[in-house]
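Chain identifiers are assigned alphabetically (A, B, ...) following the order of the sequence lines, protein sequences preceding nucleic acid strands; residue numbering begins at 1 within each chain.
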Number of protein chains: 2
Amino acid sequence: MIEPLLLKLAARDRVLEEERQVLASSAGRVREVGGREDLVRPGDRPTESCLIVEGVAARYRLFETGRRQITEFHLAGDFVDLHSFLLKVMDHGVVTLSRCRVVYVPHERLRDITERHPHLTRLLWLSTLIDGAIHREWLAGAGRRNAASQMAHLICELFTRLEVVHLTRGTAFRFPVTQAELGDALGLSTVHTNRTLQELRAEGLITWRGDEIKIEDLDRLRAVAEFDPAYLHIYREPR
Amino acid sequence: MIEPLLLKLAARDRVLEEERQVLASSAGRVREVGGREDLVRPGDRPTESCLIVEGVAARYRLFETGRRQITEFHLAGDFVDLHSFLLKVMDHGVVTLSRCRVVYVPHERLRDITERHPHLTRLLWLSTLIDGAIHREWLAGAGRRNAASQMAHLICELFTRLEVVHLTRGTAFRFPVTQAELGDALGLSTVHTNRTLQELRAEGLITWRGDEIKIEDLDRLRAVAEFDPAYLHIYREPR
DNA sequence: CGAGGTCTTGAAGACGATCAACAAACGTGG
DNA sequence: CCACGTTTGTTGATCGTCTTCAAGACCTCG
């Protein structure tokens, strides 16, 4: 059940068999969630953290005017609200974008891990640091990239992250979001999101039909995006 | 030396005397750094983490074109590159904006803390989670707020964070950055940064002379910013 | 087959960028 | 303590990117 998480962690450091057991035995109830359902809402005080096994979700912040900014996309293996274990009160929400299978890990079990498994604790901490690095990268994009470059960057990021959990086929992958949701992530209007997508398609960089994104020219897409995967910290090293 | 850090942590949870000792004894060399000097550069592999005791610094990401995006301002008490302890290779830089006094904590000492002081580990982890929350809030602003609202939000945030470390006088505080740097943080051009500042001044919301920001109407500034301090998680609670 | 959601297109307008020039403040050396 | 050079702040004009509004095409699913 927690294999995708193990793949993610193992891409950054060795994970001992004992640690795998600890994680596996920490997993509590499993739930199948439909698309567009809240996993956690702003203001919630969860007593368990939610791990995505399958599907796509988004972390978002809502404004009074109804505008929404998605601050991160979450994929299989992402411990989406590990944060709530220490932050206690959610300052943002997490919503599923597609049907998802999620596992809940009670906060008590996470606490046990911090008390008894320092190395595993560091790995979980690391995974939240990588979320932070992703936020920084998006922030840099929002402030200093144009729409096409930002979109290209997002596609490169998704591809790289999905590779880690073995969810790519060649340079193609499934990514079930609407253009409106994509716009909420890039800080663009739906109309401009659509036009930007067309631009990338016209350039022969990608195709995007239904749920399926195919990168047609990875090198040029990376160049347009100024994509450097360093911020994802995908290298095995003692942590 | 590490009092500002203790103030920050103590605003979120009780910090035991023993834990204070551990932190204090982890502090290594102290350094006085001038303004506009790099504390860490992208690509660095630090063996110690840097804590700001006094002054202002900025976390930034550089683009090939020379553009820069500041992703967070760092104040007294901020453990600016605690991240490097687990990320290992820096994916961004940290530069001082004013003269700073900084303390270095060797990674070995941080590792010891994770091995022997679970609660203190959780507090340090928490402080990096709050950095992440700040990133999300900025990202939401960059995507969905206009320039004036973003600027107002930043001022509210700085005020709130500086209160925690006792660096405000009434609604005024020192914040030594140029408008160009401010623009790099908000994702605006220098010219537009200037005009936006004038707008806030003309509205009677703030005055900003030299290094000194004074909030003239906190309620209205908060309203313009849609500022809700929840994301800073300033409440004492067992973590 | 119809209805709601999603995608696409056009036109007008706003917000912020860029370019250029000048004023004010600051710091440094004489 | 003043003179001068450099950095920072300010203003005006023009241009481009992205938003907003509106409407129509397409698609999917009951």
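Listed by first then second residue, pairs satisfying ring pair (Phe, Tyr, Trp, His ring centres under 6.0 Å) with a partner in residues 201-229 of chain B read B/H153-B/F227, not counting sequence neighbours.
Between B/R209 and D/dT8, a side-chain N or O to OP1/OP2 separation shorter than 4.0 Å is absent. In this structure, B/R36 does not reach the D/dT7 phosphate: none of its side-chain N or O atoms is under 4.0 Å from OP1 or OP2.
A 4.0 Å heavy-atom criterion places the boundary nucleotides of DNA chain C facing chain A at C/dT6 to C/dA11, written 5' to 3'.
Qualifying side chain to side chain contact (heavy atoms under 4.5 Å, CB included) partners for A/A11, counting only residues two or more places apart in sequence or in other chains: A/V164, A/I234. Residues satisfying the ring-ring contact (aromatic ring centres under 6.0 Å, His included) criterion with B/H192, sequence neighbours excluded, are absent altogether. For A/D44, there are no side chain to side chain donor-acceptor pair (under 3.5 Å) partners, not counting sequence neighbours. When the side chain to side chain contact (heavy atoms under 4.5 Å, CB included) test is applied to B/D38, the partners found at least two apart in sequence or on another chain are B/R41, B/Y60, B/V95. By the side chain to side chain donor-acceptor pair (under 3.5 Å) test, A/R144 is found to be paired with B/D184, residues two or more places apart in sequence or in another chain being considered. Taking B/Q150 as the reference, nothing meets the side chain to side chain donor-acceptor pair (under 3.5 Å) condition, with sequence neighbours excluded.
Of the residues in residues 136-152 of chain A, none lies under 4.0 Å from DNA chain C by heavy-atom distance. A heavy atom closer than 4.0 Å to some atom of DNA chain D occurs in B/V191, B/N194, B/R195, B/Q198, these being the qualifying members of residues 186-198 of chain B.
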Between protein and nucleic acid, restricted to nucleotides 24-30 of chain D and to nitrogen or oxygen atoms under 3.5 Å apart, what atom pairs and distances do you find?
none

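Comparing the axis of the opening five pairs of the helix from C/dC1-D/dG30 to C/dG30-D/dC1 with that of the closing five pairs yields an angle of 50°, rounded to 10°.
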